[in-house]
Structures are given as structure tokens and as C-alpha cells.
Peer 1: 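Handing you a structure now.
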Amino acid sequence: LALTVPLLTLPQPGGGDIVVTKIALAASLSGLTPQPAGRATLTVASIEAGGAALTELSLAGAGTPDRLTFDLSGAGTLPAPVTLAAGGAVAAAGAGWAVTLDRLDGSAAGQKISLAAPVTATLAPDRLAVTPFALSLGDGRMTGEASLDAQRVAARFDIAALPLAMLTALADGAPRL
């Protein structure tokens, strides 16, 4: 299967448009029995909206109905320059799903962003949990973990030396609430 859309314009409530240039999807399926498997790649040449622009975006995935691996990359200006590369997996976990982010690297406003170790979010009908994570943001660091079920909500987040200049540069020009 291959599909290409050269231009897509989506009006936003309140004015302005989201303009997407050249969306391309390529997908294949194999081994329908006993276990189907497939792969797909989605690429977008650009997405522009309200002064923000992603000038490259790519998502690739491969797997079976029980487990899918993915790779994501992108770059743009939001309004500060941003790059991102990430990868992981989505897998069946009992009655729910586990989403694992194995790697995350990039930059925002000239500051490096990286994930120190894989992090997993488990989504089940009666529980949501995020395993401990550590994210480096420039010279700063954010760590945390969280869980939610019918009886309690538990969360812990620690932030140290967060580069506020990076956040300010990214928020410059963003809509005010």
C-alpha cells in the first residue's frame, strides 16, 4: 500500500490554518497466518501552524498485533529550533498495553535533550503507571514516576537546574492562556 497526499489544509477554530505538505504512507503486510506481521512508514515534508513549523517528520513501525516497534524523528521551529529522535515499542500487557520509550535524543533552543534509561507507561482498564524515568534537559534533569488506579493517585517528580531559557525560547510566540 502506498498513499501520497501533496497538500492538506485544516482550518483551526478561531482562525488560521494547519498546512501539511506532502504526506506519504507506505505499508506492507506479510504472513497472515499464523501470526500476521507488517511494517509502515509515514513521512511528512512539513507542518505549519501559527508560526510553528515542523520541516521534517518521520514515523516508522514494524511488528505483529501483540508487539510493534517504532522510530520517530523530526525537526522544526516551535518557534525555537527543535530536533527529536525517539524509538520504542508498544506491546500487549494483560488486558492493556505497555508503551516503552527506549531512546529519546534531540535538542530544543540549542539545549540537548536525552532520556537516561528506557521508560514504560502501562495502560490497563483499571490502572495507569509510568516507571521511573530520568530526562536530561540541557544542564538540568527531570526525574519521576507515577501511577493511578481506582484507590489512589501517586506521583513523584523532581526537577533540578531546568534551563528556563530553553522553555522561554520555546514558549515565545505561543498562544497565551
Peer 1: To the nearest 0.5 Å, how far apart are CG in Leu57 and CG in Leu42?
Peer 2: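 Leu57 atom CG to Leu42 atom CG measures 7.0 Å (nearest 0.5 Å).
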Peer 1: To the nearest 0.5 Å, what is the distance between CG on Leu25 and CG on Leu3?
Peer 2: 6.0 Å
Peer 1: Using the side chain to side chain contact (heavy atoms under 4.5 Å, CB included) criterion, which residues pair with Ala121? Sequence neighbours excluded.
Peer 2: Val130
Peer 1: Are the side chain of Asp17 and the backbone of Val19 linked by a donor-acceptor contact shorter than 3.5 Å?
Peer 2: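 Between the backbone of Val19 and the side chain of Asp17 there is no qualifying donor-acceptor contact (under 3.5 Å).
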Peer 1: With rounding to the nearest 0.5 angstrom, report the OG to CD1 distance, Ser136 to Ile113.
Peer 2: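 CD1 of Ile113 is found 10.0 Å from OG of Ser136.
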Peer 1: Can a donor-acceptor pair be found between the side chains of Thr120 and Thr131 at a distance below 3.5 Å?
Peer 2: no
Peer 1: Quick one: pull up NZ in Lys22 and OG1 in Thr43 and give me the separation to the nearest 0.5 Å.
Peer 2: 7.0 Å
Peer 1: Within the supplied structure, the quantity of interest is the number of heavy atoms (other residues, nucleotides, ligands) at a distance under 6.0 Å from Arg152 CZ; does it exceed 12?
Peer 2: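 For Arg152, atom CZ is not crowded (no more than 12 foreign heavy atoms under 6.0 Å).
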Peer 1: So, do Gln35 and Pro65 sit near enough that their side-chain heavy atoms are less than 4.5 Å apart?
Peer 2: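 Side chain of Gln35 against side chain of Pro65, heavy atoms only: contact under 4.5 Å found.
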Peer 1: Which heavy atom in Val119 sits nearest to a heavy atom in Pro132, and how many Å separate them?
Peer 2: CG2-O, 4.3 Å
Peer 1: Show every salt bridge (Lys or Arg N to Asp or Glu O under 4.0 Å) that has at least one partner inside residues 89-112, sequence neighbours left out.
Peer 2: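 Output for this query lists Asp71-Arg103.
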Peer 1: Under 4.5 Å between side-chain heavy atoms, hopping through other hydrophobics if needed: is there a path connecting Leu72 to Val82?
Peer 2: yes
Peer 1: Which atoms form the tightest heavy-atom contact between Gln111 and Gly138, and what is the distance?
Peer 2: OE1-CA, 3.2 Å
Peer 1: Of the non-hydrogen atoms in Gly61 and Leu68, which two are nearest, and what is the gap between them?
Peer 2: C-CD1, 3.9 Å
Peer 1: Hey, does Ile47 have a side-chain heavy atom less than 4.5 Å from the side chain of Val20?
Peer 2: yes
Peer 1: State, yes or no, whether a side-chain contact exists between Arg156 and Thr143 at a heavy-atom distance under 4.5 Å.
Peer 2: yes
Peer 1: As a quick check of understanding, evaluate side-chain contact (heavy atoms from CB on, under 4.5 Å) for Val44 and Leu54, giving each step before the final call.
Peer 2: CA-CA 9 Å; Val44 178; Leu54 290 175; over 6 Å; no
Peer 1: How far apart are the C-alpha atoms of Gln12 and Ile18, what are their side-chain angles, what is the distance that settles it, and do they pass the side-chain contact (heavy atoms from CB on, under 4.5 Å) test?
Peer 2: CA-CA 7 Å; Gln12 294 185 60; Ile18 299 173; 3.5 Å; yes
Peer 1: Can you find a heavy atom in the side chain of Pro81 that is under 4.5 Å from one in the side chain of Ser107?
Peer 2: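 With C-beta onward as the side chain, the pair stays apart.
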Peer 1: Apply side-chain contact (heavy atoms from CB on, under 4.5 Å) to the pair Asp126 and Asp149, showing each step before the final yes or no.
Peer 2: CA-CA 6 Å; Asp126 59 347; Asp149 63 32; 5.9 Å; no
Peer 1: When rounded to the nearest 0.5 angstrom, what is the spacing between OG1 in Thr69 and CZ in Arg39?
Peer 2: 7.5 Å
